[in-house]
There are 2 protein chains.
Amino acid sequence: MANEKIPYKIYLTEEEMPKSWYNVRADMKNKPAPLLNPGTLQPMGFEDLRGVFCDELIRQELDNDTAYFPIPEEIRSFYKMYRPSPLVRAYCLEEKLQTPAKIYYKFEGNNTSGSHKLNSAIAQAYYAKEQGLKGVTTETGAGQWGTALSMACGYLGLDCKVYMVKCSYEQKPFRREVMRTYGASVTPSPSESTAVGRKILAEHPGTTGSLGCAISEAVEVATTTPGYRYVLGSVLNQVLLHQSVIGLETKAALDKYGVVPDIIIGCAGGGSNLGGLISPFMGQELRGEAKYRFIAVEPASCPSLTRGRYAYDFCDTGMVCPLAKMYTLGSNFIPSANHAGGLRYHGMSSILSQLYHDGYMEARSVEQTSVFEAAELFARVEGILPAPESSHAIRVAIDEAMKCKETGEEKTIVFGLTGTGYFDLVAYQKFHDGEMVDVIPTDAELEESFAQLPPQPETL
Amino acid sequence: MANEKIPYKIYLTEEEMPKSWYNVRADMKNKPAPLLNPGTLQPMGFEDLRGVFCDELIRQELDNDTAYFPIPEEIRSFYKMYRPSPLVRAYCLEEKLQTPAKIYYKFEGNNTSGSHKLNSAIAQAYYAKEQGLKGVTTETGAGQWGTALSMACGYLGLDCKVYMVKCSYEQKPFRREVMRTYGASVTPSPSESTAVGRKILAEHPGTTGSLGCAISEAVEVATTTPGYRYVLGSVLNQVLLHQSVIGLETKAALDKYGVVPDIIIGCAGGGSNLGGLISPFMGQELRGEAKYRFIAVEPASCPSLTRGRYAYDFCDTGMVCPLAKMYTLGSNFIPSANHAGGLRYHGMSSILSQLYHDGYMEARSVEQTSVFEAAELFARVEGILPAPESSHAIRVAIDEAMKCKETGEEKTIVFGLTGTGYFDLVAYQKFHDGEMVDVIPTDAELEESFAQLPPQPETL
């Protein structure tokens, strides 16, 4: 079918949808470093993690060898409600840019959570239910993950307690309301409902909260309430495993038309979308079957890959979680206010960090004003209002397409469009009104943050 | 393919997408009554309407005989960006209701305008551009139409001036911001920018505006600014023609699997979605080829079909527009505050009014609290947060499915899911907080409104 006219949108049939997730760790020579107990600095095993996570999810988290995990039937049924997501040929964008490049994007925003987060939310909720649990706890910042988890729990009849960073809770009442529609309880964090919340409120009255604080509250509730576990929407190996459905569908859709990408681009916060998108392609590269350029795009205000340290660090600012080896800006690093809430995490998935460290991936940081310029251009010609996070990938896809215009190369560019910006219009308004600013951390600020990294284990 | 397993979502291929719109008037024995000049009470012809509407759109408006209008290539390309929309088999809803009924919905919300309005917006903008016009004007209440038109104009490089009912402008800043993203100018109505706006502001200082007032401003600007015309998102024959793409796709998708619906349900404000959805099925019925039940669903607070008069009335509250014969509550009727802004129009499409009058269609009115109960149930099991307007159709689809449960009948129900509720979360919040009220006009209120209907032409 290589010469067949490629449609605007490629949809797989239900039969063509992936039946297993792909675990890229199985093909990595250098495996991602294990999670460490922050007290003993020893690797954490199954039993160490059982109080926090669901059993099956721990197995997935720790398994560096199994290449394919069958997707349970009930999850596949749920996927059919909103998947396959379309792989879109950006004919209109190509025309607008007058580039010889061929641009595709995998659009994950056509569901009520508005992003790819639902792919892992349903998996995590499913395993919690299978284990006979009553419910799960989590934190949410921008709100996509909390919404996705609420939807998954609402569908399965599982209780869902979301700790939402207080300033988001107040600034994004609509996100909160979507979660309530799906039956979740949403608590602004820090709250009086946990010991850690009360401690933080006593020390910092009037604080508007942080993701790290919300994580600490959600973990406390999960570990102290019988029948509950904690779930997380990014960073973890298990999340990248579930999100491989994005890359598997993308690859199947391209294969159907005989298209081989040259460049694969994704925005990177904790790494859930980028990791999922590139996994099967990276697997080919790791097995020596193909060669691609992979580009991770991060905000200049929170540049963990491009300016961070590759070191063991806490996953949360409250420093109660395990240590993970990753590119990090330091768990105390507070990025300047920017409008891509999903990309404000201080660290990066251990898998992606290892791949980047081993030279399999490039990284680029971009400033938010140029990101919104790309977002607006994209919205006008492709008809989709993109999320600020996704627009980081759009920015670099356009940049690469413009390079092709200069050189005349007909490269094939694939990028991940993780979601829609319907709940991010305050950001668009600031952009339209010329009030958007770009703030980049100074070297001195980063050095100060790096100085607070925990002691590094000697042998790892 | 009749016995093939029906997928969760049926997508047509690009080749299967409609190449022509279908004009149901061609098969109607009793044609919809013509628009009348409010001064002379004479039918308005091509020349009478040229100052307000684009030439080609007037031709479509007046043509009661041509059954198929080819869709221009540029519009078909635009459609391919967000169409075909999926016809979804509501397996999860059926399971939840434990009904033998088979439920399908045609989902039009997967585009940034969030509704089906884009189908006509691109057509109207296209013909305006073809005519060499500089731009178009319109009004918007809830905001879907304004957003859709902004997207279409942004794509074609046409100027777009939107008059947005002032209370919506203030309560829905995000809608406004989406329109700005697409380059539209958005003015709160009434405004100082028009004579009619200044007059209204002088008479009613502090008014929060109305759709009728916004129409009057948009028409004034269109008729007094060289190179501009006025466009409208519902009610008109031309709009139902463009929206027939919904029904044509639905029918093609059902035909592909040998499915014949028993009941077809749509929400009805001005009639654009319902008219588009049912057109090809109604055509079959009018030609004696098939028999269906068609149900129009309207809010109990604005019950034009179920409690209105079939009479000539003004299309706007400012009484500057032509008279249309339709089921109407009177152009001065102000429905109580309800959260389905798209269903608050006092009248109904002339085509649908005639079909209803001739007994081809049923109508039902529902109260908004029961509508939101249906909306929340639907959101939880089908994963889509529906618009309040669309949820009227969901309510009746569920009611019909529950009747099947009682009788054991395996009826096939198809309904139109016009859009998503991402910008309607204030309404969901009121519902969750138990603050939603149902207000139904009294007979006396309606009689008072009917008393102000204009003089009726004798011979029509």
Side-chain angles (χ1 to χ4, degrees), chain A residues 5 7-9 11 13-15 77-84 86 88 90-92 107 109-114 118 147 150-152 154-155 157 173-178 180-183 372 375-376 379-386 420-429 431-433, chain B residues 5 7-9 11 13-15 77-84 86 88 91-92 107 109-114 118 122 147 150-152 154-155 157 173-178 180-183 372 375-376 379-386 420-429 431-433:
Chain A
K5 158 92 167 118
Y8 280 66
K9 292 186 252 78
Y11 283 107
T13 66
E14 285 185 2
E15 290 68 38
S77 292
F78 187 88
Y79 278 171
K80 287 176 191 166
M81 287 201 326
Y82 72 100
R83 308 196 68 81
V88 185
Y91 283 119
C92 299
F107 179 41
N110 269 353
N111 70 74
T112 286
S113 82
L118 198 51
T147 309
S150 304
M151 290 176 68
Y155 181 80
F174 294 165
R175 272 278 176 208
R176 185 183 74 205
E177 218 51 50
V178 179
R180 285 178 77 194
T181 301
Y182 287 95
F372 275 82
E376 186 161 283
R380 290 195 189 183
V381 297
E382 287 289 321
I384 296 170
L385 188 81
T420 51
Y422 305 142
F423 294 92
D424 301 289
L425 285 154
V426 169
Y428 276 92
Q429 182 168 2
F431 173 67
H432 295 145
D433 293 343
Chain B
K5 158 92 166 117
Y8 281 66
K9 294 186 252 83
Y11 284 106
T13 66
E14 286 185 2
E15 290 68 38
S77 292
F78 187 87
Y79 278 172
K80 287 176 191 165
M81 285 200 328
Y82 71 100
R83 306 197 70 79
V88 185
Y91 283 117
C92 300
F107 179 41
N110 269 352
N111 69 74
T112 287
S113 82
L118 198 51
I122 185 63
T147 309
S150 303
M151 289 176 68
Y155 181 79
F174 294 165
R175 273 277 177 211
R176 184 183 76 205
E177 217 52 49
V178 180
R180 284 179 77 195
T181 301
Y182 287 95
F372 275 84
E376 187 162 282
R380 289 195 191 182
V381 298
E382 288 288 323
I384 296 170
L385 187 82
T420 50
Y422 305 141
F423 294 92
D424 302 289
L425 284 155
V426 169
Y428 275 92
Q429 183 168 4
F431 174 66
H432 295 144
D433 293 342

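Letters A, B, ... are given to chains in the order of the sequence lines, protein chains preceding strands, and every chain is numbered from 1. Given the structure is predicted, the values throughout are model-derived calculations rather than measurements.
Looking at A:Glu14, the atoms closer than 4.5 Å to chain B (heavy atoms on both sides) all sit in the side chain, from C-beta outward. With a 4.5 angstrom heavy-atom cutoff, A:Ser113 does not touch chain B via any of its atoms. Of the two parts of A:Val88, neither the backbone nor the side chain holds a non-hydrogen atom closer than 4.5 Å to a non-hydrogen atom of chain B. Contact annotation for A:Phe423: only side-chain heavy atoms (C-beta onward) come within less than 4.5 Å of a heavy atom of chain B.
To the nearest 0.5 Å, atom CD of residue A:Glu382 and atom CE of residue B:Met81 are 6.0 Å apart. Taken to the nearest 0.5 Å, the OH atom of B:Tyr8 stands 13.0 Å off from the OH atom of A:Tyr82. To the nearest 0.5 angstrom, A:Thr420 atom OG1 is 11.5 Å from B:Asn111 atom CG. Remark: B:Thr13 OG1 to A:Tyr11 OH distance equals 13.0 Å, nearest 0.5 Å. Rounding to the nearest 0.5 Å places CZ of A:Arg380 at 9.0 Å from OH of B:Tyr182. Here the CZ-CG distance, from A:Arg180 to B:Asp433, works out to 4.5 Å after rounding to the nearest 0.5 Å.
Annotation for A:Tyr428 and B:Thr181: closest pair CD2-OG1, 3.8 Å, computed over non-hydrogen atoms.
Here the side chains of A:Tyr155 and B:Cys92 are in contact, with some heavy-atom distance below 4.5 Å. With contacts defined as side-chain heavy-atom distances shorter than 4.5 Å, the pair A:Pro84/B:Lys9 qualifies.
Comparing A:Ala152, A:Ser150, A:Gly154, A:Ala379 by how many heavy-atom pairs each has under 4.5 Å with chain B, the most go to A:Ala379. Contact count versus chain A (heavy atoms, under 4.5 Å) is highest, among B:Phe372, B:Tyr422, B:Phe78, for B:Tyr422. Contacts with chain B were tallied for A:Arg176, A:Glu15, A:His432, A:Glu376; A:His432 has the most, counting heavy-atom pairs under 4.5 Å. For chain A, the option among B:Leu385, B:Val381, B:Val178 with the highest count of heavy-atom pairs below 4.5 Å is B:Leu385.
A:Phe174 and B:Phe174 have perpendicular rings, their planes meeting at more than 60° on a 0 to 90° scale where under 30° would count as parallel.
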